[in-house]
Trainee: 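There's a structure below that I have some questions on.
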Number of protein chains: 2
Amino acid sequence: MPDGTTIIPTRRPRRRQDPERTRAAILEAACALLAKDGPEGLSVSQVAQLAKVNRGTAYQHFQTREQLLEATTTWVSEKLRRAVFGEAPVNSDVATLGDAQGVALRMAEFAMENPALGRVWLFELLASSRPASDPFWNQFKTSLEKFARSDQAQPGIDVDVHAVMVLIGTLLWPVFVRADSRSAKDRRQLVERFSNEMLRLSLQGTMRPEKFPELDAHLRAARGDKARRASAAK
Amino acid sequence: MPDGTTIIPTRRPRRRQDPERTRAAILEAACALLAKDGPEGLSVSQVAQLAKVNRGTAYQHFQTREQLLEATTTWVSEKLRRAVFGEAPVNSDVATLGDAQGVALRMAEFAMENPALGRVWLFELLASSRPASDPFWNQFKTSLEKFARSDQAQPGIDVDVHAVMVLIGTLLWPVFVRADSRSAKDRRQLVERFSNEMLRLSLQGTMRPEKFPELDAHLRAARGDKARRASAAK
DNA sequence: TTGATGATAAACAGCATTGTTGATTGATGG
DNA sequence: CCATCAATCAACAATGCTGTTTATCATCAA
């Protein structure tokens, strides 16, 4: 970052009445209410009230309730993205995947600290018509693809299926265990339980392969199909 | 009031008195609307309209909108339970776990054929204060516990975490891929993809253990902790 | 100062919903 | 055959939200 550290707030020409700040306040309030009542329960009245802003003002920033909701969702997504991947801009190809383990852990921690918010965001993503336009989902899936292509990964991972499973598991486990209404200590332990089970699953799976020879065969056959389809598509 | 002969023929033939059937019709309608609009969007008016029943009638069967929603949820849960575990009553201890593979597959198929309904039910389960009171969740978790104790399973499975992951993965994958608005053929293929990835994960995990010796050590240490806690609790 | 922009306040029509009440109808037992 | 009672229905009042509009105030830029 450039010499921005020395800049005193007086240097920057203050905005007239700081619409930016107002907008941010509205979005923050919307976030909080979204986490409390879910997307359906979000009313412009309540948002304005919580943001200490007139209802008309909210309508000036976001023409319709639906647009406010959409803006709030991507706002949350950005928050999540920063928490997991750091402050780097979206398109920076470097450091996309420092370590898969770290990404998984930071995601689990974020989810555990914001269970309701994570839940709501996830369901908006699922309901969205174009998931690919979501900042976090994009970067997350890219990073998982990179891992799957690396030599550290088992061969044959179905990245789409796997990304969905990991994402929703991580985000909904805190919801299931009621992470809100838990002590910080409990939450730490619950994150650890989840991470360990995920790690165990990643390293060992759940079934002893030697006990399921026929399934193993089936699996290899399916992988053969996939490879054949891929080469046929060329 | 004068004799009814002059009354305009807009009178709807009154439903035959059969409370059971009426109740079922209301619940079925609620199911359909639940799948379409989600729990928040469920209005008694619409339910009554779809069930071809007066709104007041619905209020007689379910005192409040909230109760209707709750009843509908367990109705769905029962449906799911039957689809996955068969018609046997809940408490029958026999045949609880014919084969874990079959359970997983039937669940995936149900989810793929009823994506919206599965999503809503799952959401209600997550929001519920006592998941243990849900018919399907109960039986599902029991069956998974049984498997984890069997000699076919890898040791050290955290059943709670794992049950949540498998359940939500199976139910939300169809939502993610927009199983509605897909052809039957597509849906079949998508079920297969999911099942294969789940199977692959169960048999092999995602990471090559030989590449992560330190993680393997960490995992064994964690398992040691758990065992120590368990023996300390005695 | 002036003009433009952001923010506030209040009021309005339209709509959908909730929950309640009293009337009506059909089944059923005596 | 009728009296009773529960199931059903139509209508009502109350509420809250949406989106729009109008008038007014505050703050900064030029």
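Chain letters run A, B, ... following the sequence lines, proteins first and then strands; every chain starts at 1. Model, not experiment: these values are computed from the prediction.
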Trainee: Please list all pairs passing the salt bridge (charged side-chain N to carboxylate O under 4.0 Å, His left out) test where one or both residues lie in residues 168-188 of chain A, with sequence neighbours left out.
Mentor: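 Sorted pair list: E113(A)-R187(A), R182(A)-D186(A).
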
Trainee: At what distance, to the nearest 0.5 angstrom, does CG of L190(A) lie from CE of M112(A)?
Mentor: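 Taking CG in L190(A) and CE in M112(A), the distance rounds to 4.5 Å.
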
Trainee: In whole angstrom, give the distance that lies between atom NE2 of H61(A) and atom C1' of dG19(D).
Mentor: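 Value for this atom pair: 17 Å.
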
Trainee: Can you identify which nucleotide, out of dC17(D), dT18(C), dT8(C), has its nearest atom closest to the S45(A) side chain?
Mentor: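 Shortest atom-to-atom distance from the side chain points to dC17(D).
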
Trainee: Look at N54(A) and dA7(C) and indicate whether a side-chain polar atom (N or O) is within less than 4.0 Å of OP1 or OP2.
Mentor: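 Checking dA7(C) against N54(A), no side-chain N or O comes under 4.0 Å of OP1 or OP2.
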
Trainee: Under the ring-ring contact (aromatic ring centres under 6.0 Å, His included) rule, collect the residues that match up with W137(B), sequence neighbours excluded.
Mentor: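 F176(A).
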
Trainee: Counting only side-chain heavy atoms from C-beta out, which of dT8(C), dC9(D), dG19(D) sits nearest to T57(A)?
Mentor: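 Among dT8(C), dC9(D), dG19(D), the one nearest the side chain of T57(A) is dT8(C).
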
Trainee: What is the separation between atom CD on E20(A) and atom P on dT27(D), rounded to the nearest whole Å?
Mentor: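 Distance, rounded to whole Å: 19 Å.
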
Trainee: Can you check the Q46(A) CD to dT15(D) P distance for me, whole Å?
Mentor: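 Rounded to the whole Å, the gap is 17 Å.
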
Trainee: Quickly work out the I26(A) CD1 to dT8(C) C1' distance and round it to whole Å.
Mentor: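 That distance rounds to 13 Å.
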
Trainee: Would you kindly check whether a donor in the side chain of R55(A) faces an acceptor in the base of dG19(D), or vice versa, at under 3.5 angstrom?
Mentor: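 Side chain to base: pair present.
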
Trainee: Give, for atom NE2 of H162(A) and atom CE of M198(B), the distance between the pair rounded to the nearest 0.5 Å.
Mentor: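 Rounded to the nearest 0.5 Å, the NE2-CE separation comes to 10.5 Å.
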
Trainee: OP1 or OP2 of dA7(C) sitting under 4.0 Å from any side-chain N/O of T22(A)?
Mentor: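 Yes, such a contact exists.
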
Trainee: Whole angstroms only, please: what is the CD-P distance between Q63(A) and dT20(D)?
Mentor: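 Result: 9 Å.
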
Trainee: Grab the CD-C1' distance between E40(A) and dC17(D) for me, whole Å please.
Mentor: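 In whole Å, dC17(D) C1' and E40(A) CD are 15 Å from each other.
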
Trainee: Measure the distance from CD on Q49(B) to P on dA16(C) and round it to the nearest whole Å.
Mentor: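 Result: 11 Å.
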
Trainee: Which listed nucleotide (dC9(D), dA7(C), dG19(D)) is nearest to the side chain of Q60(A)?
Mentor: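 Of dC9(D), dA7(C), dG19(D), dA7(C) is nearest to the side chain of Q60(A).
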
Trainee: What does E66(B) touch in the nucleic acid at a heavy-atom separation under 4.0 angstrom: a base, only the sugar-phosphate, or nothing?
Mentor: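 Since no nucleic acid heavy atom lies under 4.0 Å of E66(B), the category is nothing.
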
Trainee: Go through dA7(C), dA9(C), dG19(C) for me and flag the one nearest to the Y59(B) side chain.
Mentor: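 The nucleotide sitting nearest to the side chain is dG19(C).
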
Trainee: Taking the six-membered ring for Trp, are W121(A) and F136(A) parallel (under 30°), tilted (30 to 60°) or perpendicular (over 60°)?
Mentor: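 Perpendicular, since the angle between the ring planes exceeds 60°.
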
Trainee: More 5' along DNA chain D: S43(A) or G56(A), using each one's nearest nucleotide?
Mentor: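 Between the two, 5'-proximity favours S43(A).
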
Trainee: Nearest whole angstrom, please: distance from the C1' of dA27(C) to the CZ of R21(B).
Mentor: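 Checked: the CZ to C1' distance equals 16 Å.
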
